[in-house]
Amino acid sequence: MSRKPVPAQSGERSRVELTFDKPQLLAQLFGQYDQNLVALEHRLGIYITARGNRVGLEGSAEQVAMGRDVLYDLYKRLQRGEDIDTGLVDASIAMASEPVLDGIISAEASPAPPIMIRTRKKTIVPRTPAQAHYMRELTNNDMIFALGPAGTGKTYLAVAQAVSQLITGSVQRLILSRPAVEAGEKLGFLPGDMKEKVDPYLRPLYDALNDCLPAEQVERRISSGEIEIAPIAFMRGRTLADAFIILDEAQNTTPAQMKMFLTRFGERSRMVVCGDPNQVDLPGGVEASGLRDAVTRLEGIEGIAMSRFTAADVVRHPIVGRIVEAYEGPHG
C-alpha cells in the first residue's frame, strides 16, 4: 500500500515503523480497500505506508504517536476477537487523545484490567472517554443519570451492565421502562392488547437486550418475569428491590412521573436514568421535562452520579455526530 502523502499538521516531523506478528489479522486491521488506514490518514493528517507486516507512519511527532497508539489499540482488539470498523477507528482516535486514560484503556499492555462488560453474546468495551467514565459509574453507583444525544451508548451500555449483573446473580430482575410519548408525530389508534399497543415505544429496549442475550433467553426471561419491559405508568405503587432498573427517554417524563419513578428505588437495586434534555417530545402546553427538573434538584447529592455525553461521543456513523453538532449549534 502506498498513496500520496496527506499534509501533516504543524510540529516536529517524525517517522515510525510498526511490525505486527500476526499477518492474518492485517486485512481486518487495514479494512476493506485500506479504509481504516485512509481514515487514520485523514483524521490525523499523517502518511501511512504498508508493506507485508510492516506499517510506516510519517507526519508531526504528536500525530504519528497518536496513529501508532490507535493501530496498536485496534490490533489488540483483533487479537481479543473483537470486530473493528471505521466508527471504532474514530472512537480509538478519541481515546488515544485522552491522557487521563493512560494505563486504564491504552494501546500498550497494562497491568490494570480493561474496562469491559461481559454478556452472553459479546464483551463490550468503551469507545470514547465519556463511555469509559460512564461504565465506571455503572459499577460504582446505585443511581446514575446518563445525559446526552442519541447514539452515545447511554441506554445500550446500561442494558449491557444490567444483563451482566442479571447473569452473575447480582440482581434478580431487570426492569426496563420508558414513557409512551410520540416523537413529534401522531400514530393514531393502535389495535391489539396493551402489550401490542406499547411495544412500538419499547422496541429500542428489546433491540439492546437481543444484542446482549440470545433471543430464546430474552423470551424465556421475559416470560418468567426476570426481565420486565413496561411503560413508566406501570411502575406506580411498586417498590423495586433486588433489581436493575433503567428508564429510557427520560426527557419525556413530567416532574411528577419522574418523582414517582425515582421513589420506586428499593433495597439492593441499581437505577439508571437515560435521556437527552435537548430532545424533549412532550406535547405543547405540558409542564417542563422531568429529566431537567430532576437533574437540577439532585445533582451533587451523595450516591447519585451524573454522566454527560456530547456529539463527540456519538458512536454511530460519523455523519450522525456531525448532524447532532449542527442541530446543537447556533442555529439549533
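Here the structure is a predicted model, which is why all the values come from computation and not from measurement.
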Exercise for the section: Say whether, by atom type as modelled, one donor and one acceptor occur between the side chain of Asn252 and the main chain of Asp281 under 3.5 angstrom. Expected result: yes

Handout entry: Salt-bridge criterion met for Arg173 and Glu226 (N-O under 4.0 Å)
Key = no

Practice task
Scan residues 152-171 for pairs that pass salt bridge (Lys or Arg N to Asp or Glu O under 4.0 Å), counting only residues two or more places apart or in two chains.
Solution key: none

Exercise for the section: For Ser177 and Ala230, indicate whether the former's side chain and the latter's backbone hold a donor-acceptor pair under 3.5 Å. Expected result: yes

Exercise for the section: Keeping the roles fixed (side chain from Asn36, backbone from Leu29), state whether a donor-acceptor pair exists under 3.5 Å. Expected result: yes

Practice task
Take Leu176 and Leu247 through the test side chain to side chain contact (heavy atoms under 4.5 Å, CB included) and record every step on the way to the result.
Solution key: CA-CA 6 Å; Leu176 307 173; Leu247 175 61; over 6 Å; no

Problem - Within-4.5 Å side-chain heavy-atom neighbours: Ile46 and Glu58 - result: no

Handout entry: Under 3.5 Å donor-acceptor, Thr119 side chain and Cys212 backbone
Key = yes

Mind listing the side-chain donor-acceptor pairs of residues 256-271 below 3.5 Å, one per line with the distance, residues two or more places apart or on another chain?
| residue | atom | partner | partner atom | Å |
| --- | --- | --- | --- | --- |
| Gln257 | OE1 | Thr254 | N | 3.0 |
| Thr263 | OG1 | Lys259 | O | 2.8 |
| Thr263 | OG1 | Met260 | O | 3.0 |
| Arg264 | NE | Met260 | O | 2.7 |
| Arg264 | NH1 | Arg238 | O | 2.9 |
| Arg268 | NE | Asp242 | OD1 | 2.6 |
| Arg268 | NH2 | Asp242 | OD2 | 3.1 |
| Ser269 | OG | Leu240 | O | 2.7 |
| Ser269 | OG | Asp242 | N | 3.2 |
| Ser269 | OG | Ala243 | N | 3.1 |
| Ser269 | OG | Ala243 | O | 3.4 |
| Ser269 | OG | Glu267 | O | 3.4 |
| Arg270 | NE | Asn141 | O | 2.9 |
| Arg270 | NH1 | Leu138 | O | 2.7 |
| Arg270 | NH1 | Gln165 | OE1 | 3.1 |

Exercise for the section: Only counting residues at least two apart or in another chain, list the ones meeting ring-ring contact (aromatic ring centres under 6.0 Å, His included) with Tyr134. Expected result: Phe309

Practice task
I would like to know whether Thr49 and Arg51 meet side chain to side chain contact (heavy atoms under 4.5 Å, CB included); could you show each step before the answer?
Solution key: CA-CA 7 Å; Thr49 58; Arg51 293 182 179 86; 3.8 Å; yes

Problem - Short side-chain to backbone donor-acceptor contact, Asp69 and Met66, under 3.5 Å - result: no

Handout entry: For Tyr75, ring-ring contact (aromatic ring centres under 6.0 Å, His included) partners two or more places apart
Key = Phe20

Exercise for the section: Report the residues that fulfil side-chain contact (heavy atoms from CB on, under 4.5 Å) with Pro277, sequence neighbours left out, ordered by chain and then residue number. Expected result: Leu147, Leu291, Arg292

Practice task
Examine distances only and state if a side-chain atom of Asn210 and a backbone atom of Tyr206 form a donor-acceptor pair shorter than 3.5 Å.
Solution key: yes

Practice task
May I ask you to decide if Thr152's main-chain N or O and Gln131's side chain share a donor-acceptor pair within less than 3.5 Å?
Solution key: yes

Exercise for the section: Starting at CD of Glu219, measure out to OG of Ser224 and round the result to the nearest 0.5 Å. Expected result: 11.0 Å

Completion exercise
Residue pairs passing the side chain to side chain donor-acceptor pair (under 3.5 Å) test with at least one member in residues 142-151, sequence neighbours excluded, are none

Handout entry: Main-chain N/O of Asp276 paired with Gln251 side-chain donor or acceptor, under 3.5 Å
Key = yes

Exercise for the section: Please check if the side chain of Asn140 supplies one atom and the backbone of Arg136 the other of a donor-acceptor pair under 3.5 Å. Expected result: yes

Practice task
Answer yes or no: does atom CZ of Arg297 have more than 12 heavy-atom neighbours from other residues, nucleotides or ligands under 6.0 Å?
Solution key: no

Exercise for the section: Considering non-hydrogen atoms only, spot the tightest contact between Pro126 and Ala132 and give its length. Expected result: CB-N, 3.5 Å

Problem - Heavy-atom closest contact (Ile144 atom, Ser307 atom, distance) - result: CG2-OG, 4.4 Å

Problem - Exam field: side chain Glu41 to backbone Ile48, donor-acceptor pair closer than 3.5 Å - result: yes

